[in-house]
Amino acid sequence: QVQLVESGGGLVQAGGSLRLSCAASGSTFSINYMGWYRQAPGKQRELVARMSRGGSTNYLESVKGRFTISRDNAKNTVSLQMNNLKPEDTAVYYCYSAPTRGGNDYWGQGTQVTVSS
């Protein structure tokens, strides 16, 4: 199994920045994608950004140009730099990992990001 430990999050004003970090441990050899989902009250959980082991990325359209995902395969860490934050970015953010195939997805405990206007 994989364990994911998140850090970061907090309260910032609109236009500010936060950096989320996540460290994976356990059966990290099985991980292909690592990234971040978020869920705001009354909304579906949505993929914010992810990166494959080979460096391919996907971003939620509304965060393109503002958020940047980075990954260190050797350290099994992934980070999300969030710039120019907007109130609509307010959500609980969850680190996740996904295997190439045939395995389980794993999730961090979630961290609250609140952006005030």
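We number each residue from 1, following the sequence as shown. When reading the values below, keep in mind they use all heavy atoms of this one structure, side chains included, and skip hydrogens, waters and symmetry mates.
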Are Val78 and Leu18 joined in one hydrophobic group, where the rule is that I, L, V, M, F, W and Y side chains link up if heavy atoms are under 4.5 Å apart?
yes
Would you say the side chain of Val92 lies within less than 4.5 Å of the side chain of Arg45, judging by non-hydrogen atoms?
no
Side chains of Ser79 and Arg19: does their closest heavy-atom pair fall under 4.5 Å?
yes
Can you name the nearest heavy-atom pair linking Ala49 to Leu80, along with the distance?
CB-CD1, 4.1 Å
Which pairs with one or both residues in residues 27-68 pass disulfide bond (SG atoms under 2.5 Å apart), sequence neighbours excluded?
none
Mind checking what makes side-chain hydrogen bond (donor to acceptor under 3.5 Å, both in side chains) contact with Arg53, not counting sequence neighbours?
none
Quick note, salt bridge (Lys or Arg N to Asp or Glu O under 4.0 Å) partners involving residues 32-44, not counting sequence neighbours, are Arg38-Glu46, Arg38-Asp89
If a pair satisfies side chain to side chain donor-acceptor pair (under 3.5 Å) and one of its residues is in residues 100-112, list it, with sequence neighbours excluded.
Gln112-Thr114
Atom pair CD (Gln3) and CG (Asn76), whose distance is rounded to the nearest 0.5 Å
11.5 Å
If you look only at pairs with a residue in residues 26-90, which of them pass as a disulfide bond (SG atoms under 2.5 Å apart), with sequence neighbours excluded?
none
Applying ring pair (Phe, Tyr, Trp, His ring centres under 6.0 Å) as the test, list every pair that has at least one member in residues 44-65; sequence neighbours left out.
none
Pairs flagged by disulfide bond (SG atoms under 2.5 Å apart) wherever residues 44-117 is involved - sequence neighbours left out:
Cys22-Cys95
Which residues satisfy the salt bridge (Lys or Arg N to Asp or Glu O under 4.0 Å) test with Lys75, sequence neighbours excluded?
none
Would you say the side chain of Val113 lies within less than 4.5 Å of the side chain of Thr90, judging by non-hydrogen atoms?
no
Cluster question for you: counting only ILVMFWY and a side-chain heavy-atom cut-off of under 4.5 Å, with indirect links fine, are Val63 and Leu85 together?
yes
Return the minimal non-hydrogen interatomic distance between Met34 and Arg71, and the atom names on each side.
N-NH1, 3.5 Å
With heavy-atom distances below 4.5 Å as the criterion, would you say the side chains of Gln1 and Ser25 are in contact?
no
Tyr33 with Trp36, same ILVMFWY side-chain cluster at under 4.5 Å
no
When rounded to the nearest 0.5 angstrom, what is the spacing between CZ in Phe67 and OG1 in Thr57?
14.5 Å
Are Met82 and Tyr96 connected in the hydrophobic side-chain network, where two residues link if heavy atoms are under 4.5 Å apart?
no
May I ask you to check whether Tyr37 and Tyr94 place their ring centres under 6.0 Å from each other?
no
Nearest 0.5 angstrom please: Ser56 OG to Asn32 CG, how far?
9.0 Å
What residues, two or more places apart in sequence or in another chain, satisfy side-chain hydrogen bond (donor to acceptor under 3.5 Å, both in side chains) together with Ser17?
Asn83
List the residues meeting side-chain contact (heavy atoms from CB on, under 4.5 Å) with Ala23, not counting sequence neighbours, and say none if there are none.
Thr77
Do Leu4 and Tyr93 sit in one hydrophobic cluster, given that two such residues count as connected whenever their side-chain heavy atoms are within less than 4.5 Å of each other, even indirectly?
yes
Could you list the residues that satisfy side-chain hydrogen bond (donor to acceptor under 3.5 Å, both in side chains) with Asn58, not counting sequence neighbours?
Arg50
Nearest heavy-atom pair of Ser117 and Pro87: which atoms, and what distance?
CB-CG, 4.0 Å
Quick one: list whatever passes side-chain contact (heavy atoms from CB on, under 4.5 Å) with Ser7, sequence neighbours left out.
Ser21
Should Leu47 and Leu60 count as side-chain neighbours, where that means a heavy-atom distance under 4.5 Å?
no
